[in-house]
Amino acid sequence: MSRYRFVAPLLVFALLIAVPVSAQTPQFRADVRRTGSEPFEGTMYFGNARMRIEGMSDGQQMTVIVDGGAGSLIMLMPEDRMYMTMDMGSAPFSAPAATSMDPANPCSSGEVSDCRSLGSETVNGYVARGWEYTRDGERETAWIANELRFPVRTVEADGTTTDMTNVATGPQPSSLFEPPSDYTAMNMPGFGGLGGGGRGRGGRGGMPPGMPTGAVPPGGRGVTPGGAAAGIDPAMAAQLAAMGLDPSVIAQMQAMGLGPAEIQAMLNIGTATNSAPWEAGDGWVADLVVTASGSESGTSEMGSWTQNYSARYTASVPITYGTPAVGAAMGPAWQLVPTLGSPRGLAQPLTFSGTSEFRRELNRPAACAIGEDGARVVIVSRGSGSTNATNHSSPGIQMAQVRWEISGDLRTHHLLVGAGATEPTETTETTTTITSGCPNSDAQNVTDSATSQPSMSINVDLTGLPLASSPGTMRGTENVPVRFDIGAFDGELPANVEWTLRPIS
């Protein structure tokens, strides 16, 4: 049996398939090439909310099938003629959601936020709209083809670029999206979330329905009567059991040709810390109060100008689903999974409220030689928006993201929170007052008003926070850059962030 190393290549696929797909996307095939530290070159197939990716990564032939309708991901292992099925919600990487990307507004899918249009151009032979947006806390640029409703080029924050070329539209054979009939199913209990088939502690979510369980695949090495895989150190097996992992996971790793030392290194098994208190309970709630204000002034060829801005955002986001620590290398982690968690956790509402104001004043001197009257132009934009979602499948929940990670030594933690308003509004009033009229000028004072829908959301990434000695309500204040869309301003501003983490009780 081949030594099939599935961890690193899966991370490559995670980056390739993070783009949403749906039945609205036309059926097609395309060549795909990815640059960067984890290059990939191969082919993608799309048909009826299903996607297949196959090609070479790190010298290995890789094939993954994603079924958006069923919420499943199938990984084919050609050398072993086996396949492994995972639930997308519990896979150890980001799987695509069943939504398309709107070339006119990719933020409408809820998968990305803070969208900024870059205009239209032809990319890889397709007329596409360029967009810069935030995904999982990172800025990304994509050119979404109008005809395909899919990015034909994506550039990540580190410069890694994925291009789709030689696109051929048309129905794709259904056989592409199913494992071959002569392949054997390989079941990996507990692989998706390390909580293992409902064995999670204290109300933490177990594996979602449909996560495979079963015996070692044909040809795999057996399990000793004591439950540990053959050749595995008993202390290591005990640690795995304490983590909630089924012993047959180790047996199946051995079946793929991995030895005890490799398995131990891959799982980062080391001296465990007492993380159980942080893994117990029904979840957590992250509360944020984000405020920003400032003023600027200067001169230009148009005259002197001043501008002032202020914003205040509050958010409360539930954290419903957790995964336990992995030895001393990785501490417990919690995140928002709308379908997983305890009843108390899933009953927690997501709330967001935001207000913003932007004022710009321009004093323009008269330039009668070119027909410009002297004028005072004042632009005032005021925005507001809110979200109050108790239904975890509502648009408000889909707009939110939160992940809380504790270090393996239980000394620090990392909190990432994103939330936004579902239907924010902004009213802009522009008043032009003539201060010095030119001869024969008939210019009049005028006031114009316009209403728009801004991108009112926040993404706060706090790292290196000291962890309390025991679980309980924690709070702090940080000054960090936060991205704002305020009137004519769209970019990062220094902001004051008051955060609170409180256990659900």
Side-chain angles (χ1 to χ4, degrees), residues 136-137 193-195 200-205 243 272-292 312-338 340-354 387-389 392 397 400-420 457-483 494-505:
D136 298 329
L194 301 183
R201 302 183 183 92
R204 303 182 71 185
M243 290 159 47
T273 53
N274 183 24
S275 59
W278 296 97
E279 298 169 8
D282 294 311
W284 296 73
V285 175
D287 300 317
L288 294 180
V289 179
V290 180
T291 55
R312 176 182 171 85
Y313 297 156
T314 64
S316 181
V317 185
I319 314 176
T320 63
Y321 178 70
T323 54
V326 181
M330 184 183 302
W334 290 83
Q335 59 188 315
L336 171 61
V337 181
L340 297 177
S342 68
R344 287 181 178 178
L346 294 175
Q348 298 295 313
L350 170 107
T351 63
F352 175 90
S353 178
T387 295
N388 191 337
H392 281 212
I397 291 291
Q401 63 170 336
V402 58
R403 182 165 177 84
W404 181 41
E405 300 175 346
I406 300 176
S407 64
D409 58 10
L410 303 185
R411 293 182 179 179
T412 61
H413 60 111
H414 174 197
L415 179 63
L416 171 66
V417 181
S457 62
I458 51 173
N459 280 280
V460 176
D461 193 359
L462 305 175
T463 61
L465 301 172
L467 189 69
S469 58
S470 61
T473 299
M474 296 176 288
R475 54 176 53 90
T477 301
E478 302 288 332
N479 291 300
V480 295
V482 175
R483 191 170 188 85
N496 179 267
V497 177
E498 301 174 39
W499 62 269
T500 300
L501 269 172
R502 49 188 172 90
I504 296 171
S505 60

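Counting from 1, the numbers follow the sequence of the chain as shown.
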Shortest non-hydrogen contact between Val402 and Pro318, atoms and distance
CG1-O, 3.5 Å
Mind checking the CZ-OG spacing from Arg312 to Ser353? Nearest 0.5 Å is all I need.
8.5 Å
Donor-acceptor contact present, side-chain Ser342 to main-chain Gly345, <3.5 Å
yes
Can you tell me if Gln348 and Asp282 form a side-chain donor-acceptor pair at under 3.5 Å?
no
What verdict does the side-chain contact (heavy atoms from CB on, under 4.5 Å) test give for Asn496 and Thr477, after you've listed the backbone C-alpha separation in whole Å, the side-chain angles of each residue and the deciding distance to 0.1 Å?
CA-CA 7 Å; Asn496 179 267; Thr477 301; 3.3 Å; yes
Distance (rounded to the nearest 0.5 Å) between Glu405 CD and His414 NE2:
6.0 Å
Counting C-beta onward and ignoring hydrogens, is there a side-chain heavy-atom pair between Leu462 and Trp499 closer than 4.5 Å?
yes
Taking atom CZ of Arg403 as the centre, does the number of heavy atoms from other residues, nucleotides or ligands within less than 6.0 Å exceed 12?
yes
Measuring from Leu288:CG to Ser316:OG, what's the distance to the nearest 0.5 Å?
8.5 Å
Looking at every heavy atom in both Ala419 and Val317, which two are closest together, and how far apart are they?
CB-CG2, 4.1 Å
Could you walk me through whether Phe352 and Tyr313 pass side-chain contact (heavy atoms from CB on, under 4.5 Å), step by step?
CA-CA 7 Å; Phe352 175 90; Tyr313 297 156; 4.1 Å; yes
Thr387 side chain near Leu350 side chain, heavy-atom distance below 4.5 Å:
yes
Between Pro494 and Ala292 the two heavy atoms that sit nearest each other are O-CB, 3.7 Å
For Pro332 and Trp278, the nearest pair of non-hydrogen atoms, with its separation, is CG-CB, 4.2 Å
Distance col, row Ile406:CD1 vs Arg411:CZ, nearest 0.5 angstrom, shows 14.5 Å
Any Val289 side-chain heavy atom under 4.5 Å of Val497 side chain
no
Ignoring hydrogens and angles, state whether a donor on the side chain of His413 or Trp404 is under 3.5 Å from an acceptor on the partner side chain.
yes
Please lay out, stage by stage, how Gln401 and Asn459 fare under the test side-chain contact (heavy atoms from CB on, under 4.5 Å).
CA-CA 9 Å; Gln401 63 170 336; Asn459 280 280; 2.8 Å; yes
Flag side-chain contact, heavy atom, 4.5 Å: Ser275 against Leu410:
yes
Quick check for you: to the nearest 0.5 Å, what is the distance between Glu478 atom CD and Asp461 atom CG?
11.5 Å
Taking all atoms of both residues into account, what is the closest heavy-atom pair of Trp284 and Met474, and its distance?
CZ3-CE, 4.3 Å
Considering non-hydrogen atoms only, spot the tightest contact between Thr473 and Thr500 and give its length.
CG2-CG2, 3.8 Å
Do Thr412 and Leu467 pass the side-chain contact (heavy atoms from CB on, under 4.5 Å) test, and can you show the C-alpha distance, the side-chain angles, and the key distance before you say yes or no?
CA-CA 5 Å; Thr412 61; Leu467 189 69; 5.7 Å; no
Report the distance from atom CG of Leu465 to atom CZ of Arg475, rounding to the nearest 0.5 Å.
14.0 Å
